[in-house]
Structures are given as C-alpha cells and as structure tokens.
Amino acid sequence: MNNSTPDIRTLLAVRNYDLSATLAGGQAFRWRQQAGAWEGVIGRRWVRLLTEESGILAETAEPQAEWSWLEEYLQARLELESVLGTFPDDEPMRASVVACRGLRLLRQDPWECLASFILSSTKQIVQIQQIIGLLCARYGSPVRVPAGHEPAWAFPTAEQLAAAPEEGLRACKMGFRAPNLLATARRIANGELPLEELRAVSLDEALARLLELPGVGVKIAHCVLLFAYGFPQAFPVDVWVSKALRQLYFPKHRPSTARLRRFVASHFGPHAGYAQQYLFHYMRTRRP
DNA sequence: CACCAGGGTACCT
DNA sequence: AGGTACCATGGT
C-alpha cells in the first residue's frame with residue numbers, strides 16, 4: 001500500500017469490514033451514506049469509502065502520496081478474528097458476534113473524539129450527528145471536495161472553539177453542553193491538558209487527566225480512551241451497555257455500578273473495549 | 001403528550 | 001457509597 005505515485009484513489013485490501021456498523025454505529029458522527037458510499041472528513045481530508053469484493057475503495061478530493069492516515073483511522077491492518085477470539089465464550093457474546101459481523105473500532109483524533117462525546121450526553125446518535133454537523137459548518141475550516149460536490153468542513157480545532165461565544169455554540173442545538181464544550185476547548189487550547197501526551201501514559205493516568213475536564217465523566221472519558229487512544233481495556237458503560245449487562249448477565253439481581261465495573265474488568269478479556277462495542281451494537285440493532 | 005437519548009454534576013440522605 | 005433533580009432539545 002505504498003503508492004509512490006500520488007492518486008486520489010486506493011484500494012485497502014481488507015475483508016470482513018462493515019462500514020455501516022463501524023462508521024454510523026455511535027463511534028464517529030460525521031459519516032453520511034451517499035449513493036451507496038460513505039462520505040466523511042478525516043482530519044483535513046474529505047473521503048469517500050465504498051465496499052468492494054476485494055476490499056475498501058477509498059477516494060479523496062486531492063492526490064495522496066500515501067494512505068497510512070486512512071489505514072490508521074480505519075484500523076485496516078487489524079486482524080479482526082484474533083480479537084474476536086479473545087471474547088468470553090458465553091451466550092451474549094456469541095449472539096453479539098453473530099449480529100455484528102465486520103464491526104470494527106476506529107482510531108480517531110483525540111480532540112474531535114473528546115469534543116464529540118461531550119456533546120453526546122443524553123442525546124440520540126442522530127441528534128449528535130446534527131449538532132456536530134452544525135458545529136463544523138459554523139466553526140470548522142473548509143476542506144477540499146470534488147468539483148461540484150457540496151461543501152465540507154474539518155472538525156473545529158480547540159482554538160477555534162475556544163474563541164467562540166457560548167451563544168454561538170448554543171445556536172448549534174447543544175443546549176446545556178455548550179459551557180462544558182467551551183471550557184474544555186479553552187483548557188485544551190491553552191495547553192493545560194496536552195492531549196498528545198496521553199498517548200504515552202497508562203490507562204488510569206490518562207483517565208484521571210480526562211476526568212479533570214468539565215463535562216467529562218467516567219463514561220465519556222472511556223469513549224475517548226477507547227475510540228481515540230485505543231486502550232483495549234477501556235470500557236464505556238452507557239445506557240445501552242448498562243442494559244445489556246443487566247439483562248444478559250444479571251437478569252435476577254440489580255448490581256450496583258461499582259459491582260458492574262468489577263465484573264467487566266474481570267470478564268471480557270484483553271479486548272474488553274471491543275467486546276463492549278459488540279454488546280452496544282447488538283443491543284441497539286436487535287428486535288425488542 | 002409522555003418518555004427517552006452513547007451523562008455530568010451538585011446536592012441530598 | 002448510593003439515590004435524585006436538573007440541565008436543552010429533538011425523536012419516537
């Protein structure tokens with residue numbers, strides 16, 4: 001995959017990759033299905049992705065000398081089967097694996113991931129997508145798109161949001177989340193918490209640092225630890241995963257949140273975060 | 001019109 | 001340590 005000649009297209013040789021479940025399943029919020037393909041923005045690049053028999057066909061608006069940024073984002077080199085093989089051999093996980101064929105974990109930009117999940121609290125995924133769409137159009141920098149295509153924007157930087165008035169953020173429909181996003185953007189922009197440095201520390205240390213931010217609790221912090229930093233043991237427990245754990249593993253009791261946390265830490269293995277995403281998607285897509 | 005949504009926080013007991 | 005109200009807004 002080392003193209004020496006810059007091209008706007010490449011083929012990622014990856015199979016068993018469900019773009020829909022992965023891009024629109026509550027990890028990232030900027031992907032739209034357009035004529036059978038998935039269109040979004042990664043960093044400052046507009047991208048279109050299409051599933052083919054031999055892999056994923058990717059197209060950008062400008063020629064790319066190399067595609068490692070895309071392989072990293074999609075985690076295209078990950079051997080999915082070796083991850084699924086570490087899941088506990090119980091009925092809920094077997095059902096989840098069957099229901100979530102080709103579901104992957106992305107590797108996102110920490111700031112975009114952090115800001116996005118601050119906006120996610122008690123919102124449905126479609127609403128989070130709407131809020132972030134408004135936010136990007138209002139405060140993000142435009143990115144190059146194919147000729148005749150509708151405009152697209154990069155996710156606003158922490159500096160761009162730190163300079164925004166709270167009323168401007170509220171105009172993006174984020175309601176009470178606006179002061180939290182603004183305060184966190186200012187702390188990131190002025191260097192109080194260097195997000196890049198968290199790549200080099202332990203999960204517990206990164207967790208403690210993220211929890212210092214306004215609007216960031218245990219759940220949102222674990223989302224960033226899993227979806228951006230790739231800590232395999234990060235395990236966000238939202239209303240869906242909580243429901244999955246209680247219904248599927250503790251149907252008779254009513255375990256406390258502390259009890260649940262001890263359970264997930266010991267039960268789901270070295271790729272617990274992956275197992276969590278399978279439970280989440282399974283609960284959200286199965287018929288009630 | 002209720003009830004819920006990939007929660008966090010302050011404030012209670 | 002464990003409950004509860006409240007935050008703003010749109011989907012179902």
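Just the heavy atoms: all of them, side chains too, but no hydrogens, waters or symmetry mates, feed the values below. To find a chain, count down the sequence lines: A is the first, B the second, and so on, and within it residues start at 1.
- Nucleic acid contact for A/Val218: sugar-phosphate only, since backbone atoms but no base atoms lie under 4.0 Å from a heavy atom of the residue.
- Using bins of under 30°, 30° to 60° and over 60° for the plane-to-plane angle, the ring pair A/His271/A/Tyr274 lands in the perpendicular bin.
- A donor-acceptor pair shorter than 3.5 Å cannot be found between the side chains of A/Gln276 and A/His222.
- For C/dT4, the paired nucleotide is B/dA10, the pair qualifying as Watson-Crick or G-U wobble because both relevant distances are below 3.5 Å.
- When heavy atoms are screened at a 4.0 angstrom cut-off, A/Phe29 is found touching no nucleic acid atom at all.
- Between A/Thr257 and A/Arg261, the side chains place no donor N or O within less than 3.5 Å of an acceptor N or O (distance only, hydrogens not considered).
- Side-chain to base pairing of A/Gln130 with C/dG11: no donor and acceptor N or O lie closer than 3.5 Å to each other.
- Residue contacts shown for A/Ile118 are absent, as no nucleic acid heavy atom lies under 4.0 Å away.
- Both A/Trp240 and A/Gly215 sit near DNA chain B, but only A/Trp240 has its closest nucleotide nearer the 5' end.
- Proximity of A/Lys123 to the phosphate of C/dT9: no side-chain N or O atom is located under 4.0 Å from OP1 or OP2.
- No hydrogens or angles were tested; on distance alone, nothing pairs the side chain of A/Gln127 with the base of B/dG6 as donor and acceptor under 3.5 Å.
- Rounded to a whole angstrom, the distance from the P atom of B/dG6 to that of C/dG2 is 26 Å.
- A straight line from CG of A/Leu210 to C1' of B/dG7 spans 15 Å, rounded to a whole angstrom.
- Regarding A/Asn180, its CG atom lies at a distance of 13 Å from the C1' atom of C/dC6, rounded to whole Å.
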> Do A/Asp89 and A/Arg94 pass the side chain to side chain contact (heavy atoms under 4.5 Å, CB included) test, and can you show the C-alpha distance, the side-chain angles, and the key distance before you say yes or no?
Replying inline: CA-CA 7 Å; A/Asp89 187 20; A/Arg94 280 195 295 270; 2.6 Å; yes

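- Below 30°, between 30° and 60°, or above 60°: for A/Trp111 and A/Phe155 the angle between ring planes is above 60°, a perpendicular geometry.
- Between the P atom of B/dA5 and the CE atom of A/Met283 lies a distance of 11 Å, rounded to the nearest Å.
- Note on A/Lys219: a base of the nucleic acid sits closer than 4.0 angstrom, heavy atoms only.
- Base engagement by A/Gln276 is indicated by at least one non-hydrogen atom pair under 4.0 Å involving a base atom.
- DNA chain C is contacted by both A/Ser121 and A/Gln124; A/Ser121 maps to the nucleotide lying nearer its 5′ end (nearest heavy atom per residue).
- Rounded to an integer number of Å, the gap from A/Met174 CE to B/dG8 C1' is 16 Å.
- Rounding to whole angstrom units, CZ of residue A/Phe176 and P of C/dT9 are separated by 10 Å.
- Within 4.0 Å of A/Gly26, counting heavy atoms only, lies at least one base atom of the nucleic acid.
- Residue A/Ile220 has its side chain nearest to B/dG8 when only C/dA8, B/dG8, B/dG6 are considered.
- Using a 4.0 Å heavy-atom cutoff across all strands shown, A/Thr122 reaches at least one base atom of the nucleic acid.
- Counting non-hydrogen atoms under 4.0 angstrom, A/Arg177 reaches a base of the nucleic acid.
- Under the Watson-Crick or G-U wobble criterion, with both distances below 3.5 Å, C/dG11 is paired with B/dC3.
- Counting non-hydrogen atoms of neighbouring residues, nucleotides and ligands closer than 6.0 angstrom, the CZ atom of A/Arg199 exceeds 12 such neighbours.
- Atom CD in A/Gln129 sits roughly 15 Å away from atom P in C/dG10 (whole-Å rounding).
- Atom-to-atom, CD1 of A/Ile131 to C1' of C/dC7 comes out at 13 Å; the value is rounded to the nearest Å.
- A straight line from CZ of A/Phe117 to P of B/dG8 spans 11 Å, rounded to a whole angstrom.
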